[in-house]
Amino acid sequence: MALIETEAALHEAHRDNHTHRDVSGGWLRPAVFGAMDGLVSNLALMTGVAGGAVERQTIVLTGLAGLAAGAFSMAAGEYTSVASQRELVEAELDVERRELRKHPKDEEAELAALYESRGVDPVLARQVASQLSRDPEQALEIHAREELGIDPGDLPSPLVAAGSSFGAFALGALLPVLPYLLGATVLWPAVLLALLGLFLCGAVVARVTARTWWYSGLRQLVLGGAAAGVTYALGSFFGTAVG
């Protein structure tokens with residue numbers, strides 16, 4: 001009895017500790033890239049304009065225009081990209097579905113051969129393939145996973161990707177504009193807030209990666225700061241040249 005209880009406890013502990021993070025969700029990639037892109041691109045845009053010694057109103061208008069244009073562009077691009085990918089996958093699933101309907105025995109033999117190539121006994125491989133092929137939808141799902149590496153029931157949503165990208169970009173792009181909207185008349189509060197946002201975003205991303213939070217945060221801060229510095233220098237140069 002004690003042995004059974006010990007084994008049950010070990011199984012419970014293994015189940016609790018052997019969990020994996022979601023690495024295939026349709027929201028994570030566009031949200032992360034959207035927020036980073038919004039912060040870096042709008043910060044760089046605003047510092048570039050500010051480097052030309054323009055009025056505060058011009059900087060605010062530039063930031064708001066960059067926010068709107070970038071958010072819609074990111075959402076449209078993400079929607080088109082994910083929708084095209086999904087359509088391609090669905091077309092391949094239709095091909096596999098027709099093959100299962102027209103040549104069920106050949107597809108069953110193909111599945112058995114696949115299991116054999118992975119070390120399953122030939123007789124057992126044929127038995128497993130035969131049982132799995134009885135249900136057409138189950139057979140389609142198995143062939144899709146084995147041959148295409150996809151799960152037909154877990155395809156990414158274009159709307160989720162577009163919405164995540166739009167919202168994340170807009171949120172990131174808002175940070176450099178926010179100090180001006182609250183009454184700031186100089187650039188440095190916008191730069192500080194944006195750099196802080198970049199560091200925090202990098203630290204949050206580290207929660208779902210193997211990097212430490214401070215390394216990921218500093219990496220984003222340095223990249224964003226470099227982009228802002230370069231565009232400010234360019235804005236100052238061209239502002240002086242044009243003026």
Side-chain angles (χ1 to χ4, degrees), residues 21-22 25-78 160-243:
R21 293 165 291 189
D22 179 18
W27 63 271
L28 180 60
R29 183 179 62 87
V32 169
F33 279 99
M36 296 296 184
D37 196 16
L39 271 165
V40 175
S41 64
N42 220 29
L43 174 63
L45 180 64
M46 291 174 62
T47 53
V49 172
V54 298
E55 297 291 332
R56 170 183 175 275
Q57 183 179 1
T58 303
I59 300 175
V60 174
L61 182 60
T62 299
L64 292 176
L67 185 157
F72 280 110
S73 177
M74 286 285 291
E78 199 66 41
V160 170
S164 300
S165 183
F166 182 93
F169 186 99
L171 183 61
L174 179 63
L175 285 184
V177 190
L178 194 57
Y180 282 101
L181 296 178
L182 295 177
T185 57
V186 290
L187 181 64
W188 66 264
V191 173
L192 287 180
L193 183 60
L195 292 180
L196 176 61
L198 281 169
F199 181 84
L200 291 176
C201 281
V204 169
V205 170
R207 300 279 297 179
V208 292
T209 65
R211 293 291 186 182
T212 57
W213 64 270
W214 58 265
Y215 175 88
S216 183
L218 284 176
R219 179 175 60 183
Q220 297 305 326
L221 186 150
V222 169
L223 292 174
V230 170
T231 54
Y232 184 85
L234 290 174
S236 299
F237 173 77
F238 288 117
T240 303
V242 172

Quiz item: Yes or no on side-chain contact (heavy atoms from CB on, under 4.5 Å) for S164 and V160, after CA distance, side-chain angles and deciding distance?
Solution: CA-CA 6 Å; S164 300; V160 170; 4.1 Å; yes
Exercise. Report yes if some heavy atom in the side chain of Q220 is under 4.5 Å from a heavy atom in the side chain of C201; otherwise report no.
Key: no
Quiz prompt | Side chains of F169 and S41 in contact at under 4.5 Å (non-hydrogen atoms) | solution = yes
Self-check item: Straight-line distance of M46 CE to L175 CG, nearest 0.5 Å
Solution: 10.5 Å
Quiz item: So among V60, I59, T58, which one has a side-chain contact (heavy atoms from CB on, under 4.5 Å) with T62?
Solution: T58
Just distance, no hydrogens or angles: give the donor-acceptor pairs under 3.5 Å from side chains in residues 182-200, sequence neighbours left out.
none

Quiz item: Is a donor on one side and an acceptor on the other found under 3.5 Å between the side chain of S236 and the backbone of Y232?
Solution: yes
Quiz item: Any donor and acceptor pair, going by atom type alone, linking the side chain of T47 with main-chain N or O of T231 inside 3.5 Å?
Solution: no
Quiz item: Which atom names give the shortest non-hydrogen contact between L67 and A170, and what distance separates them?
Solution: CD1-O, 3.6 Å
Quiz item: Is there a donor-acceptor contact under 3.5 Å from the side chain of R219 to the main chain of G202?
Solution: no
Quiz item: Below 4.5 Å, heavy atoms only, C-beta onward: do L39 and L43 meet side chain to side chain?
Solution: no
Quiz item: Which heavy atom in M74 sits nearest to a heavy atom in G34, and how many Å separate them?
Solution: CE-CA, 3.6 Å
